[in-house]
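The block underneath contains the structure these notes are about, expressed in structure tokens.
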Amino acid sequence: MSASAIEAALAITLLAPMVPMLFMGEEWGSKAPFPFFCDFKGDLAEAVRNGRRKEFAGAYAKYGDEIPDPLDPLTFQSAILDWQSLNEQAGRKRLALVQNLLAMRRREIVPRLAGTTFGGAHAQDSGLLTAHWRMGDGATLHLLANLSTDGIAHKQSETTGTPIWGDATSGLVPPWSVFWRLEAR
């Protein structure tokens with residue numbers, strides 16, 4: 001997946017009015033595997049092991065013993081964050097993006113969260129995604145995103161309100177771009 005696609009996904013995930021979830025090292029783009037592990041005992045341990053085998057039956061059929069056993073101490077020991085990738089240029093760039101998105105969330109989204117309701121969403125085959133939420137303070141939060149490799153034409157009315165993320169568009173939404181706007185009541 002391209003860096004642009006991941007950045008678009010982060011801009012949606014971190015600014016949408018729901019709990020944003022990042023996984024171990026995702027904030028700097030770590031590519032090191034971080035397998036599921038647990039230290040359950042007895043019946044619960046076997047239930048987890050068997051449940052995962054059922055849930056991921058296709059993967060087990062294809063990869064067999066390459067899939068880490070969540071109860072094996074070696075699986076736990078292999079789950080080590082790749083802190084070195086944070087020092088690479090791509091890691092620093094990704095972390096800066098995540099920090100900027102979270103700062104925008106803290107400033108513009110979090111104060112309006114109480115009482116927020118989902119308004120609706122529409123995804124087109126072209127990759128254009130639109131969504132809106134009625135925020136707790138009465139403002140409407142609008143999302144316009146192009147989740148494709150091609151520019152997509154759009155109506156100017158889809159960019160009304162005060163921009164909080166992304167640059168204004170002039171009829172064409174660039175590839176892998178995300179625009180968030182707040183429209184006062």
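For clarity, every value in this text was computed on a predicted model and none was experimentally measured.
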If you compare all heavy atoms of L71 against all heavy atoms of F40, which two are closest, and at what distance to 0.1 Å? CD2-O, 3.7 Å

Is there a donor-acceptor pair closer than 3.5 Å between any side-chain N or O of R134 and the backbone N or O of G138? yes

Closest heavy-atom contact between I152 and S148? CD1-OG, 3.8 Å

Should M104 and L113 be regarded as members of a common hydrophobic cluster, given that ILVMFWY residues are connected when their side-chain heavy atoms come within less than 4.5 Å of each other, either directly or indirectly? yes

Kindly work out whether a path of hydrophobic side-chain contacts (I/L/V/M/F/W/Y, heavy atoms less than 4.5 Å apart) joins I6 to L15. yes

Taking everything shown except Y60 itself, do over 12 heavy atoms lie less than 6.0 Å from its OH? yes

Go through it in stages, so that I can follow the logic: the residues are E46 and R49, the test is salt bridge (charged side-chain N to carboxylate O under 4.0 Å, His left out), and I'd like the CA-CA distance, side-chain angles, deciding distance and then a yes or no. CA-CA 5 Å; E46 285 310 307; R49 182 178 280 135; 2.6 Å; yes

Is W165 reaching over with its side chain to a backbone N or O of R105, donor-acceptor style, under 3.5 angstrom? no

Would you say that more than 12 heavy atoms from the other residues, nucleotides or ligands in this model lie under 6.0 Å from the CZ of F23, or not? yes

Any link between L22 and F34 through a network of hydrophobic side chains (Ile, Leu, Val, Met, Phe, Trp, Tyr) touching at under 4.5 Å? no

Of the non-hydrogen atoms in L95 and L86, which two are nearest, and what is the gap between them? CD2-CD1, 3.4 Å

Are E88 and K93 ion-paired here, with the side-chain N under 4.0 Å from a carboxylate O? no

Around N50, counting heavy atoms of other residues, nucleotides and ligands shown, do more than 12 lie under 6.0 Å from its CG? yes

Any chance the side chains of S85 and D82 put a donor and an acceptor closer than 3.5 Å? yes

Step-by-step side-chain contact (heavy atoms from CB on, under 4.5 Å) determination, W176 to D150: CA-CA 8 Å; W176 301 114; D150 301 313; over 6 Å; no

Do any N or O atoms from the side chain of R112 and from the backbone of D137 form a donor-acceptor pair under 3.5 angstrom? no

Within the structure provided, determine whether T130 and L143 are in side-chain contact (heavy-atom separation under 4.5 Å). no

Minimum heavy-atom separation for P175 and G151, please, with both atom names. CG-N, 3.8 Å

Any sub-3.5 Å donor-acceptor pair from T13's side-chain atoms to A9's backbone N or O? yes

Would you check, one step at a time, whether the test side-chain contact (heavy atoms from CB on, under 4.5 Å) holds for W180 with L141? CA-CA 7 Å; W180 286 97; L141 178 65; 3.5 Å; yes

Worked verdict on M135 versus T140 for side-chain contact (heavy atoms from CB on, under 4.5 Å): CA-CA 6 Å; M135 303 304 285; T140 302; over 6 Å; no

Check the hydrophobic clustering (I, L, V, M, F, W, Y; side-chain heavy atoms under 4.5 Å; chains of links allowed) and say if L129 and F118 are grouped together. yes

Please confirm whether the backbone N or O of P174 pairs with a side-chain atom of N146, one donor and one acceptor, at under 3.5 Å? yes

Minimal heavy-atom distance between T116 and P17, with the atoms involved, is CG2-CB, 4.1 Å

Taking all non-hydrogen atoms of both residues into account, name the closest pair between D69 and T75 and its distance. O-OG1, 2.6 Å

Between M18 and V178, is there a shared hydrophobic cluster once you connect ILVMFWY residues whose side-chain heavy atoms come closer than 4.5 Å? yes

